[in-house]
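The structure is given below, and queries will be raised subsequently.
Below, chain A is the first sequence line, B the second, and so on; all start at residue 1.
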Number of protein chains: 2
Amino acid sequence: MTNRATAPKTPEDENDEPHIEIGGMRIDILEGAFSYYIRSLDAVVSRDLDRRMADLEVAKGKGKITTLFLVDDYPGVRPSQIADVLMRDRPATGRIIDRLVAAGDIRRETSPEDQRAQALYITDKGHALAEKVRGIIRAQEAEFFDFIAPEDRDQFMQMLKRVYLNMRAKWD
Amino acid sequence: MTNRATAPKTPEDENDEPHIEIGGMRIDILEGAFSYYIRSLDAVVSRDLDRRMADLEVAKGKGKITTLFLVDDYPGVRPSQIADVLMRDRPATGRIIDRLVAAGDIRRETSPEDQRAQALYITDKGHALAEKVRGIIRAQEAEFFDFIAPEDRDQFMQMLKRVYLNMRAKWD
DNA sequence: CAAAATAATTGTATTTTGCAACTTTTTCTT
DNA sequence: AAGAAAAAGTTGCAAAATACAATTATTTTG
């Protein structure tokens with residue numbers, strides 16, 4: 001570090017990371033907040049995904065894609081299991097299922113073992129949809145996230161997984 | 001690990017990263033998708049933040065917090081500048097401003113230099129609110145994100161910033 | 001001076017979301 | 001075995017957000 005005649009005004013002036021500025025403005029305390037980056041990334045990613053799925057009846061909102069995949073992969077899965085994966089409450093999950101049922105993508109049956117519970121099954125139409133959605137997810141990962149440098153990808157993915165799992169653990 | 005007579009069924013079985021399972025279920029292709037983790041993290045983080053701010057009239061939705069801080073820090077800032085930071089369109093930004101004005105947190109004036117544009121200013125009430133929100137953000141970072149291991153924090157923050165900046169660059 | 005660009009608003013339509021209250025069926029307790 | 005507690009889902013409600021297209025007013029450009 002070079003000589004500096006005066007003391008830094010703030011501790012941050014000591015390190016070499018430049019501040020984040022947008023149009024010449026700083027973002028206050030949000031610059032150091034995990035929540036800011038997570039929420040900002042989400043907004044843009046989700047918007048992009050919505051556009052890609054605009055005509056697919058599972059567009060918009062979080063949970064429909066995961067639900068579709070779970071029902072496709074685990075015939076007979078129950079809404080409460082899905083709610084657990086989604087970290088959502090039952091009403092929210094129930095409504096996601098309502099929509100998929102209404103669209104004819106999945107089927108509801110009463111579970112034979114537990115009359116309170118339901119067993120969900122994919123339909124042919126739903127299975128085809130799931131395949132299409134897989135294609136869209138793959139495309140987004142390749143096209144949208146191309147701004148993540150190749151050498152960063154693995155590290156970022158690993159961090160995300162770790163944080164995600166820790167958050168789940170806290171949640172449960 | 002016990003002896004394995006047969007070849008692994010999938011390439012993934014070769015490496016040592018365990019698959020992510022929730023309640024015994026895998027999440028299909030989403031397991032390798034950036035979007036899944038970003039969207040899941042966002043949902044839980046945003047819900048937590050909403051609860052913390054439930055009675056603060058800036059609760060819910062993305063953008064109000066950033067807007068409040070920008071107006072607090074940059075008197076005379078214009079809606080279009082805010083929209084740029086938020087990566088939102090003008091109608092969305094305008095409505096965020098509407099609500100803050102209605103709540104008496106900020107004030108709209110016509111910009112002297114450009115009659116089309118507005119200049120926004122914080123009110124005393126809004127400034128007090130901004131201070132409260134700063135406290136909440138700090139509290140959430142400390143309390144909610146305690147699940148991020150201390151040794152991961154810097155690295156995760158750095159990755160998030162890098163990805164965020166690259167995404168912005170792509171967006172512009 | 002007319003045309004194009006820019007700032008912001010309005011209108012509209014579609015959804016989400018979270019919470020609380022309620023029904024039905026199982027499971028637990030004593 | 002009976003009553004209480006827990007669990008699975010549903011319904012109702014209230015509050016908003018979101019995106020997109022079209023419109024008004026003001027500047028800038030050619």
Side-chain angles (χ1 to χ4, degrees), chain A residues 23 39-40 42-67 76-103 106 108-120, chain B residues 23 39 42-67 76-84 86-103 106 108-120:
Chain A
R39 283 156 55 91
S40 300
D42 169 76
V44 181
V45 170
S46 292
R47 192 173 352 174
D48 178 76
L49 193 53
D50 279 352
R51 291 211 190 109
R52 288 172 188 269
M53 309 216 303
D55 47 346
L56 279 198
E57 91 201 342
V58 273
K60 288 220 158 180
K62 288 165 190 153
K64 286 197 273 244
I65 295 173
T66 308
T67 300
V77 65
R78 305 191 313 184
S80 58
Q81 294 178 281
I82 294 175
D84 181 40
V85 174
L86 298 181
M87 298 184 279
R88 284 278 181 63
D89 65 7
R90 273 189 249 284
T93 307
R95 272 160 186 150
I96 289 170
I97 293 169
D98 285 345
R99 259 169 257 136
L100 290 173
V101 169
I106 68 180
R108 262 195 256 246
E109 286 181 21
T110 300
S111 167
E113 306 113 37
D114 187 338
Q115 303 284 109
R116 294 171 300 183
Q118 303 172 349
L120 305 174
Chain B
R39 283 157 54 91
D42 169 75
V44 181
V45 170
S46 292
R47 191 172 357 177
D48 177 77
L49 193 53
D50 278 352
R51 289 210 193 108
R52 289 171 188 269
M53 307 214 305
D55 47 346
L56 279 198
E57 90 200 344
V58 272
K60 290 221 158 180
K62 289 165 189 152
K64 285 197 273 243
I65 295 173
T66 308
T67 301
V77 65
R78 306 190 312 184
S80 58
Q81 293 179 281
I82 294 175
D84 181 40
L86 299 181
M87 297 182 281
R88 285 277 182 62
D89 64 7
R90 273 192 254 281
T93 307
R95 271 157 186 153
I96 289 170
I97 293 169
D98 285 346
R99 257 170 255 134
L100 290 173
V101 168
I106 67 179
R108 263 196 255 245
E109 286 180 21
T110 300
S111 167
E113 306 113 37
D114 186 338
Q115 302 285 110
R116 295 171 299 182
Q118 302 173 351
L120 304 173

Nearest-Å distance for atom pair CE/C1', residues A:M53 and C:dT15: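 Roughly 14 Å, once rounded to whole Å.
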
Rounding to a whole Å, what distance do you find between A:D42:CG and D:dT18:P?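 It works out to 10 Å between those atoms.
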
Given DNA chain C, 5'-ward residue of the pair A:A92 and A:E113, judged by closest heavy atom: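 Taking each residue's closest nucleotide, the earlier one in sequence belongs to A:A92.
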
Going by distance alone, is a donor N or O of one side chain under 3.5 Å from an acceptor N or O of the other, for A:R78 and A:S111?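 Looking only at side-chain atoms, A:S111 and A:R78 do not form any donor-acceptor pair under 3.5 Å.
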
Check whether any side-chain N or O of A:R99 sits under 4.0 Å from OP1 or OP2 of C:dT16, and answer yes or no.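 Looking at the OP1 and OP2 atoms of C:dT16, one of them is under 4.0 Å from a side-chain N or O of A:R99.
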
Search all heavy atoms of A:T93 against all heavy atoms of A:P79 and return the closest pair with its distance.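 For A:T93 and A:P79, the tightest heavy-atom pair comes out as CG2-O, 3.7 Å.
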
Give the rounded distance in Å between these two atoms: CZ of B:R51 and C1' of C:dG18.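 Taking atom C1' of C:dG18 as the reference, CZ of B:R51 is at 9 Å.
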
Nearest whole Å is fine: how far is D:dA17 P from B:D98 CG?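 Nearest whole value for this atom pair: 11 Å.
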
Is there a side-chain contact between A:R88 and the phosphate of D:dG9, meaning an N or O under 4.0 Å from OP1 or OP2?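 Answer is no, no contact under 4.0 Å.
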
Give B:D114 one of three labels, base, sugar-phosphate or nothing, depending on what nucleic acid heavy atoms sit under 4.0 Å from its own.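 The answer is sugar-phosphate, as B:D114 gets under 4.0 Å only of primed atoms, P, OP1 or OP2.
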
So, is B:R108 close to the C:dT9 phosphate, meaning a side-chain N or O under 4.0 Å from OP1 or OP2?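 For B:R108, the contact criterion (side-chain N or O under 4.0 Å from OP1 or OP2 of C:dT9) is met.
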
Indicate whether OP1 or OP2 belonging to D:dT18 is found under 4.0 Å from a side-chain N or O atom of B:R95.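 So the side-chain polar atoms of B:R95 never come under 4.0 Å of the phosphate oxygens OP1 or OP2 of D:dT18.
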
State whether the side chain of B:R47 and the backbone N or O of A:R88 hold a donor-acceptor pair below 3.5 Å, judged by distance alone.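 It does not hold such a pair.
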
Which comes earlier along DNA chain D counting from the 5' end, the contact point of B:K64 or that of A:P79, where each point is its nearest nucleotide?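 Checking each residue's closest nucleotide, the 5'-ward one belongs to A:P79.
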
Between CG on residue A:D42 and CG on residue A:L49, distance to nearest 0.5 Å: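 Between atom CG of A:D42 and atom CG of A:L49 there are 10.0 Å.
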
Respond yes when some side-chain nitrogen or oxygen of A:R78 is under 4.0 Å from OP1 or OP2 of D:dA7, and no when none is.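 No.
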
Atom-to-atom span, CE of A:M87 to P of C:dG18 - whole angstrom: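 Result: 12 Å.
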
Five-pair end axes of the helix from C:dC1-D:dG30 to C:dT30-D:dA1, angle between them (10°):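 Roughly 30°, once rounded to the nearest ten degrees.
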
Could you pull out the closest heavy-atom pair between A:T110 and A:D114, with the gap in Å?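 Looking at all heavy atoms of both residues, the closest pair is CG2-O, 4.5 Å.
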
Nearest-Å distance for atom pair CG/C1', residues A:L100 and D:dG9: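 Rounded to whole Å, this separation is 16 Å.
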
Which residue lies toward the 5' end of DNA chain D, B:I96 or B:P112, if each is placed at its nearest nucleotide?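 Upstream on the strand: B:I96.
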
Does C:dA7 have its OP1 or OP2 closer than 4.0 Å to a side-chain nitrogen or oxygen of B:Q81?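 Looking at the OP1 and OP2 atoms of C:dA7, neither is under 4.0 Å from any side-chain N or O of B:Q81.
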
Before giving the answer on side chain to side chain donor-acceptor pair (under 3.5 Å), spell out for A:S46 and B:R39 the whole-Å C-alpha distance, their side-chain angles and the decisive distance to 0.1 Å. CA-CA 7 Å; A:S46 292; B:R39 283 157 54 91; 2.9 Å; yes

Is a salt bridge present between B:R95 and B:D89, judged by a nitrogen-to-oxygen distance below 4.0 Å?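 Looking at B:D89 together with B:R95, the answer is no, because their closest N to O distance does not fall below 4.0 Å.
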
Could you list, one pair per line, each protein nitrogen or oxygen that sits under 3.5 Å from a nitrogen or oxygen of nucleotides 21-25 of chain D, together with the distance?
none

Measure CG/B:L86 against P/C:dA8 and give the value in whole Å, please.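 So the CG-P distance, B:L86 to C:dA8, works out to 13 Å.
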
Rounded off to whole Å, could you give me the CG-to-P distance for the A:D50 and D:dA17 pair?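 Roughly 17 Å, once rounded to whole Å.
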
Working to the nearest 0.5 angstrom, can you tell me the gap between A:L100 CG and A:K64 NZ?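 So the CG of A:L100 and the NZ of A:K64 are separated by 7.5 Å.
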
For DNA chain C, whose closest nucleotide is more 5', that of B:A43 or that of B:R90?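 Here B:R90 is the residue nearer the 5' end.
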
Given D:dG9, is OP1 or OP2 found less than 4.0 Å from the side-chain N or O atoms of A:S80?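 Checking D:dG9 against A:S80, a side-chain N or O does come within under 4.0 Å of OP1 or OP2.
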
So B:T67 and B:V58, side-chain contact (heavy atoms from CB on, under 4.5 Å) or not? Walk me through it. CA-CA 10 Å; B:T67 301; B:V58 272; over 6 Å; no

Is a salt bridge present between B:D98 and B:R108, judged by a nitrogen-to-oxygen distance below 4.0 Å?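 Salt bridge between B:D98 and B:R108, a charged N being under 4.0 Å from a carboxylate O: yes.
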
A:I96 and A:K62: CA distance, side-chain angles, deciding distance, side-chain contact (heavy atoms from CB on, under 4.5 Å) verdict: CA-CA 9 Å; A:I96 289 170; A:K62 288 165 190 153; over 6 Å; no

Describe the nucleic acid contact of B:A117 in one word from base, sugar-phosphate, nothing, applying a heavy-atom distance below 4.0 Å.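 If one applies the 4.0 Å heavy-atom cut-off, B:A117 turns out to touch the sugar-phosphate alone, with no base involved.
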
